[in-house]
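One structure is given below, encoded as structure tokens.
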Amino acid sequence: MDIPVTMNKENTMFNINCLNPISKVGLDSLTADYTLTENAAEAEGILVRSAAMHDMELPGGLLAVARAGAGTNNIPLDKCAEKGIVVFNTPGANANGVKELVLAGMLLASRDVIGGIDWVKGAAGDENIAKAAEKEKKKFAGTEIEGKKLGVIGLGAVGAKVANAAVSLGMEVYGYDPYLSVAAAWSLSSQVKHVTNKEDIYAQCDFITVHVPLLEDTKNTIDEEALSRMKDGVVILNYARDLLVDEKAVLAGIRSGKVKCYVSDFPNPTTAGQPGCIVIPHLGASTEEAEDNCAKMAVQELMDYLEDRKSVV
Ligand code: MLT
């Protein structure tokens, strides 16, 4: 039986609540049909970045949530589905920002730039700092990334950009993604070597970067077993979510010399301040450009949905 539908477009005003600061560029694109409210309870639409929504009581009139970011692990997807609340994310909108920080992470793991900068700070005020630097600098020397092998696990918007950028920096890149989309496949450099199992990445790569969503079956993608198959001195980069990596196993790997460096964009008590770890305060998507792109996409998704939502009559 056909169910009649009507477009819900008649003079409807919608309340939007932001659970996190959302870029002005995005909010400015809300039309006159939208009011920003401080009161989540009266919202039909929610814009969120990293606020944890799992323990939040979902407003009775809530119709849609848009996350200004790719991951949706801070949103109770099952609860939303039960209540018919649609959840959007903004895949690709912050991918370039994340890619650039992954490249920075590889460079910081290759040379002790951070140790060197700390040394300069410690020697500030020393009249002879220039001479002292020439003597000390060998402590902070390292290697180049050109010619090294990078394994990219997950070739979505971020992974594909990382892979292509690494190719252009002269790295030998191996990509693994059993769910590769046609669009992502077209976007990949032909120089990215397609591997069909992670073992090949573990066995061959000097750098391994993980770009998969955090799901029940992706937790601990990098675990003790995976680590045992990696090359000695491997660098692991995690800009996706901390729970994708068994970080205790990684710390053991750092102590044994198996892992040279763990770069993570997710500070937590396990890795913060630990030797061999470069931990960044979740800055991958924290660029003006990424924040604007995510906010614009999230707002557009909310407006499209709220205005064109079909309601059964
Ligand atoms: C993402 O999921 O894309 C990022 O975590 C976004 C953010 O930094 O808020």
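What you see is a predicted model; the values in this text were computed from it and never measured. Order of listing sets the numbers, starting from 1, for every ligand and every atom in it. Note that these values count all heavy atoms, side chains included, but never hydrogens, waters or copies made by symmetry.
For K161, there are no side-chain hydrogen bond (donor to acceptor under 3.5 Å, both in side chains) partners, not counting sequence neighbours.
Note that CG of N20 is 8.0 Å distant from CG of N74, once rounded to the nearest 0.5 Å.
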Extract all donor-acceptor atom pairs below 3.5 Å that involve side chains of residues 112-135 and protein atoms in other chains or at least two apart in sequence.
| from | atom 1 | to | atom 2 | distance (Å) |
| --- | --- | --- | --- | --- |
| D112 | OD1 | G115 | N | 2.7 |
| D126 | OD1 | N128 | N | 2.7 |
| E134 | OE1 | K137 | NZ | 2.8 |

Could you tabulate the donor-acceptor pairs under 3.5 Å formed by side-chain atoms of residues 278-287, not counting sequence neighbours?
| from | atom 1 | to | atom 2 | distance (Å) |
| --- | --- | --- | --- | --- |
| S286 | OG | R49 | NH2 | 3.1 |
| T287 | OG1 | A290 | N | 2.9 |

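Under the 4.0 Å criterion applied to side-chain N and carboxylate O atoms, K149 and D206 are not assigned as salt-bridge partners.
Between N268 and E247, the side chains place a donor N or O and an acceptor N or O closer than 3.5 Å (distance only, hydrogens not considered).
For ligand 1, residues of the protein lying within 4.0 angstrom by heavy-atom distance are R49, S50, R67, G69, A70, G71, N94, R241, H282, A285.
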